[in-house]
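Reviewing the structure listed below.
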Protein chains: 2
Amino acid sequence: MLVEGNHSAHLYTVLFGLGFRYKLMVDGRRQILNYLLPGDLIGLQGSLMGEMQHSVEALSPMLLCVFEREQLHTLYRNHPGLAYDITWIASREEQMLDENLLSIGRRTAIERAAYLIAFIRARAAKVQVGRSSAQLPITQQHVADTLGLSLVHTNKTLRKLAEKKLIVWRDGGCEVLDIDALMKLARWERLQETLRPLV
Amino acid sequence: MLVEGNHSAHLYTVLFGLGFRYKLMVDGRRQILNYLLPGDLIGLQGSLMGEMQHSVEALSPMLLCVFEREQLHTLYRNHPGLAYDITWIASREEQMLDENLLSIGRRTAIERAAYLIAFIRARAAKVQVGRSSAQLPITQQHVADTLGLSLVHTNKTLRKLAEKKLIVWRDGGCEVLDIDALMKLARWERLQETLRPLV
DNA sequence: CGTACACTTGAGTAGGATCAATTGAAGTGG
DNA sequence: CCACTTCAATTGATCCTACTCAAGTGTACG
């Protein structure tokens, strides 16, 4: 979809669907950085710095609202409220990256998996991202590349969550059965209820 | 220094010194998120969202420029250029987090260590952060908590880098002997030269 | 001189990686 | 309708990276 190093990228707002940002190393190792849901911005780095250092892909059909990157300066000049909201959204994304970093750096495999699934589920609670509202349209390869684990070990870890009746893997996607138990297992407390600006 | 959940936090600009942002889990596991050097912002999340979800600590004496968080709205209204620069800095910090996430998720221990040290060294190249300009004032415990490794394994990994004559650990800090070799070892290419606004 | 902190090293273990198959569902083309 | 391919999920076996436990060294400081 959108690839790293793209100079002519625009700024987008996600209106519908699910996608993700990722980075690749030259030898093919992939790390998924975060997931993109309605309300998120895509391409802010590219708009500000002229080049995106990550790539973006869709997991389900996405509806985006396009914004010309050249207009960003104009927006900052004429619509300070919107400019503030953009910074707010960027800052919240950084907050999510922080938690993600804690997860990959310090949580065990099963904690990581539980955290990731609970987190996406919580974020997707109010918006529909997949074909059914209960299902998250991701493959185990995506989970592996998000958690920094191998595909095989990710599979075995997800099986453990399934055996505990916390999730079910069905129709090429993940259904959450018990989000509270997932959060507890991940030792994760909040998804703080913040007033979110609509851009 | 500044702790998580702080509501009355201000926004700061680092003028001098070295610090870091980190998160703790309830059982004490610590993950260092990134390092703060001159030109970086501290507390943007707190200013925008009312609460910081991470803590901050100094590694060397730091000189900060304080900014009242209540004035942020005013700044966005009256100084769109500065508002733009703040977003730029926030976005660059996110970019650094992205690379960090790739590192922890997909690089091996020695690659991670090489990347981290090369990265901090490269960022600190133009500004003095420790007592001598060559030395990075961090302990191996900090490195461990940044890389998501145990202290013991971090020590053994750093020894390997020292045996290869890439670094020297001296006077409770790290000196870089061959940054190019570190970058090559980490399979890390760029620290792109971006025009950086001064805030 | 005793304590504290950072760094170091060795031994044994475990969590996760790699390798190698297998299953099953969903196309696709004849 | 049936071979053929492809992709995702699954499982077992083996290996190795990184963890834990347990000391020990060196230096700074009161």
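Each chain gets a letter, A, B and so on, in the order the sequences are listed, and its residues count up from 1. Nothing here was measured: the structure is a model prediction, and the numbers come from that model.
Between the side chains of B:Gln31 and A:Asp98, no donor-acceptor pair is found at a separation under 3.5 Å. A donor-acceptor contact closer than 3.5 angstrom is absent between the side chains of B:Arg69 and B:His10.
Computed from coordinates, the A:Gln141 CD to C:dA17 C1' distance equals 14 Å when rounded to whole Å. Atom pair B:Glu163:CD and C:dT9:C1' shows a separation of 12 Å (rounding to whole Å applied). Note: NZ (B:Lys160) to P (C:dT8) measures 14 Å, nearest angstrom. Per the geometry, CH2 belonging to B:Trp169 stands 14 Å off P belonging to C:dT9, to the nearest Å. Between the CG atom of A:Leu136 and the C1' atom of D:dA8 there is a distance of 17 Å, given to the nearest Å. In this entry the distance linking CG of B:Leu151 with C1' of C:dT9 reads 12 Å, nearest Å. Rounded to whole Å, the distance from CG on A:Leu161 to C1' on D:dT10 is 16 Å.
With values rounded to the nearest 0.5 angstrom, B:Arg187 atom CZ is found 9.5 Å from B:Arg107 atom CZ.
Nucleic acid contact for A:Gly148: sugar-phosphate only, since backbone atoms but no base atoms lie under 4.0 Å from a heavy atom of the residue. Among the protein residues, A:Ser150 comes within range of the nucleic acid bases, having at least one heavy atom under 4.0 Å from a base atom. At the heavy-atom level, A:Leu149 lies under 4.0 Å from the strands shown only through sugar-phosphate atoms.
For B:Thr108, the side-chain atoms get nearest to D:dA18 when compared with the rest of C:dT8, C:dA11, D:dA18. Out of C:dA6, D:dG12, C:dT9, the shortest distance to the side chain of B:Asn155 is found at C:dT9. The side chain of B:Lys156 sits closest to D:dT20 out of D:dA18, D:dT20, C:dA6. In this structure, of D:dA22, D:dT10, C:dA17, it is D:dT10 that holds the atom nearest to the side chain of A:Arg159. Closest contact between the side chain of A:Val152 and the listed nucleotides C:dA20, D:dA9, C:dC7 involves C:dA20. Listed nucleotides C:dG10, C:dC19, C:dG16 differ in distance to A:His153; the shortest reach to its side chain belongs to C:dG16.
Of the possible polar contacts, none joining the B:Ser103 side chain to the B:Glu99 backbone as a donor-acceptor pair under 3.5 Å is found.
Each of A:Tyr35, A:Tyr22, A:Phe20 was scored for a ring pair (Phe, Tyr, Trp, His ring centres under 6.0 Å) with A:His142, with one residue passing: A:Phe20.
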